[in-house]
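Owing to the predicted nature of the structure, the values given are computational and were not obtained by experimental measurement.
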Amino acid sequence: MKIRILLLLIVLLAIPAFHPHQASALERKRLVIINSYHDGAPWSQDIINPVLYDISKRDDFFAPEVIHLSNTLIHNAEDFSVMEDGLFQRFSDRKPDYLVLVGNFSFTLRDRIVKEWGDVPMLLICQSADYGTQQFYYTDESGEEACEDLKPLKELQGKYNFSIVNIPNMYKQTIDLMIHMFPDMSRLVFIADALYVNRHLNHEIKDFLADNYPDMEYEWLVAGDDTGERLQHYLNSRDLNIGVLLSTWFYERMTIHGYPQLISGDAQLIKSVKHPVFGLRYAYFSYGITGGVFPSPEVFEVELKAGLDDLISGKDMRKVPFRTVNTDMTIINYEKLERCGIPQSVCPKDTVFINKPKTLWEQYYIAMISIGIAVFAFVVVGIVMIFYQRRRIDLLADRARLIGNMPIGYSQATLLCGNDGKVTEIKYQGYNDTFRELLKRNELPDYPSGLFKEEEMAGIAEHLLKEKKTLRFSHHFDETDTDYEFLATITKDLGKTGYVVDIFAIDITDQKKKEQMLIEAREKARESDKLKMAFLANMSHEIRTPLNAIVGFSRLLPKTKDPAKQARFVETIDVNNELLLKLIGDILDTAKIESNTLDVHKEPTDVNSLLLSVDSTVRFRLKEGVKLNVELAEPECEIFTDTVRLRQVIINMLTNAIKFTDQGSITFGYKIGKHEIYFYVRDTGAGIAPENIDKLFTRFTKLNNFKQGNGLGLSISKSIIEKLGGKIGAESAGQGKGSLFWFTLPYPGTEHKQ
């Protein structure tokens, strides 16, 4: 219990501190977001992110601050009191001007908010327009409700300065959808944790089934360590008579260090199973649900924006009407539907499908329209040209001089046709100086047959006769690396014998090169922007994690007299100091790599001593039950390389192996070849899916977001090994089958004794 209280206090105290220089901007206002859930809950992020984006664009606001109350960890009044005191203590020197409350639990702070901050305007985004006592919102693993009947929030609006945006749970509509799609469904399994909203939903679902589907069997599977096996049983079942309905799935587990952590990994199994799972929130599509009935995301976005505008515009929130997203949508994941072998025909007619392959028209309609417009434009140009040629016979001489001197190449050809209308011969006659120079520059001696291959020109002529329209095409000459755009149009119909065609040629080499440069510049800019955003987001999270622990335990250290606790706190601070130093080192290395200033200092290196030193360094990090083996290929081995960088790469690989190996063994060592030395780290851990192998050495790549790390280690290792003249790679038979990471370095001057 004390550990859980300590964790809550640390979470709340990790809010960024107020800096003195901000006092110069007193005209700016402060908005604070209080989230009932934890920072890993996807449904709360769907609310928080639009608010952060909107406020960040306003010059008259400080950057918004987000507080995660982690409602799942609050089980009683003592937990609640510690959380509440920590929150208001942190904001004792600065009062928010506006509050956005996410989840009904956050509204239990209303009296303390008024006491500490006065009549601050509040916008509550919630799933229920009712409220209960404080005890109702405690997380109760027993699964029983903790208070009397709920009361409407509307009766509190006159007392508190707030309004709400209500996003109701569409559990009735979703259950109706499941039975519509699977009429023989005889059992409903509600998988959810012990959060207050699920305890209440459990009672409402039972009542709904009793009134509408009295023969339906029902089970509430509560999230916990002891329910994982039963959850897998339902997810792996192919019996469509069993319906599975998902709500929040987080539960508390104590780590080996005695600290509580939230577990949600079991729900991730939904992505890989073939049993349909329906959800109560749109964000659950990231978990791999099949679908459900949800409040319209578009309507919610509009209502949230309107509520936020009312809040920060200075309106009296007591007078702002409550908003409810009543528009619902049936949304199905088409890919998941096919994976489960369920026909699309069982879905309602108004179903909206996501991840559904686009039709040919949907994929290429813009290109088709563009081509149509271009063809139409050229047709118009051709018609105009023909019209003026026939109407202005008296200007033929001037036209000939104009064509002879214009910078566009010109030639004329006669297409001779057989009885079947096919082109049998092409005769060229006449070309201007520009066209002659074109031929000369491209070194095509046999004019005009050298201009194109015979089969290419025949194909173009056939297409021209078939369409009876102006034909535009481009051609690249490999000999001179130049590009030309050609325009061919029929100028005279010779009856059954053939046609006369005008051919124009324009040098577009510079245009093509500029287009390619623009495309490359655009792609580089996009990639740079993506990397920048990924770097900022990742570093913000990764730096804050060890800093939170360092700051939190540093504050607690002088407050405890227990030597055991002091030692544990100091150990935690030391571990996070090392983590922060490694993170900063990775950032500096990445910056050096980007600026091409990463230096290596080669020296004679004793490989055996280095590996034994690494073994003693990382051995204490192993998880219980995991063995660490070091294999030395020779009694003595010396190479000429950068000792520090080599050690860094090996430790990076071992750290990854330790992170993803819960049982079995980790083996590292080297082998000597004829011209190279081969280092390896082999583990029996989580393994890697084949499609993810190529992503491993890309910066900021994390295949498991629940594992600590910044995604820089392997990319830095790749740059170091390449700088040292070697190669690096990874192999795995698949997930759950272990991994092999390896790299090679040059091995000159020493013979390997067989």
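At most 12 heavy atoms of other shown residues, nucleotides or ligands fall within 6.0 angstrom of atom NZ in K319. Other residues, nucleotides and ligands place no more than 12 heavy atoms under 6.0 Å from the NZ atom of K274. For CD of E301, the number of neighbouring non-hydrogen atoms (other residues, nucleotides, ligands) closer than 6.0 Å is 12 at most. Around atom NZ of K57, more than 12 heavy atoms belonging to other residues, nucleotides or ligands sit under 6.0 Å away.
Between L188 atom CG and W220 atom CH2 the span is 13.5 Å, to the nearest 0.5 Å. Here L308 contributes atom CG and L123 contributes atom CG; the two are 7.0 Å apart, rounded to the nearest 0.5 Å. To the nearest 0.5 Å, atom CG of residue L245 and atom CG of residue L221 are 12.0 Å apart. Note: T351 OG1 to I331 CD1 = 10.0 Å, rounded to the nearest 0.5 Å. Distance CG/L101 to CZ/F162: 9.5 Å, rounded to 0.5 Å.
Of the possible donor and acceptor atoms, one in the side chain of D97 sits under 3.5 Å from a partner among the backbone N and O of R30. Judged purely by atom type and a 3.5 angstrom limit, D328 has no side-chain atom pairing as donor or acceptor with the backbone of M170. Between the side chain of R110 and the backbone N or O of F107 there is at least one donor-acceptor pair closer than 3.5 Å. Side-chain atoms of R112 never come within 3.5 Å of backbone atoms of T108 as a donor-acceptor pair (strictly under, hydrogens ignored). A distance-only check finds no donor-acceptor pair linking the side chain of T72 to the backbone of T139 [under 3.5 Å]. Of the possible polar contacts, none joining the Y137 side chain to the Y131 backbone as a donor-acceptor pair under 3.5 Å is found. With hydrogens and angles disregarded, no donor-acceptor distance shorter than 3.5 Å links the side chain of S70 to the backbone of Y37. The backbone N or O of K95 sits nowhere less than 3.5 Å from a side-chain atom of E116 that would complete a donor-acceptor pair. With hydrogens and angles disregarded, no donor-acceptor distance shorter than 3.5 Å links the side chain of T324 to the backbone of N326. Within the 3.5 Å criterion, the main-chain N or O of V293 finds a donor-acceptor partner in the side chain of T174.
Under a cutoff of 6.0 Å and an axis angle of 45°, K29 and Y98 do not form a cation-pi pair.
V244 has its side chain out of reach of L246: every pair of non-hydrogen atoms, C-beta onward, lies at least 4.5 Å apart. Within the 4.5 Å cutoff, no side-chain heavy atoms of F105 are placed close to those of V197. For the pair D310 and S163, the minimum side-chain heavy-atom distance is 4.5 Å or more. Here the side chains of I289 and N333 are not in contact, with every heavy-atom distance at 4.5 Å or above. Looking only at side-chain heavy atoms (C-beta outward), H200 and F136 come within less than 4.5 Å of each other. The shortest distance between side-chain heavy atoms of L240 and P276 falls below 4.5 Å.
Donor-acceptor pairing under 3.5 Å is recorded for the side chains of N198 and S247. Checking S186 against N241 by side-chain atom types alone, no donor-acceptor pair falls below 3.5 Å.
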message = Please evaluate residues K172 and D176 with respect to the criterion salt bridge (Lys or Arg N to Asp or Glu O under 4.0 Å), reporting the C-alpha separation (whole Å), side-chain torsions for both, the decisive distance (0.1 Å), and the verdict.
response = CA-CA 6 Å; K172 295 179 181 179; D176 288 338; over 6 Å; no
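Ring geometry for F182 versus F278: interplanar angle over 60°, hence perpendicular rather than tilted (30 to 60°).
For Y171 and F190, the gap between ring centers reaches or exceeds 6.0 Å.
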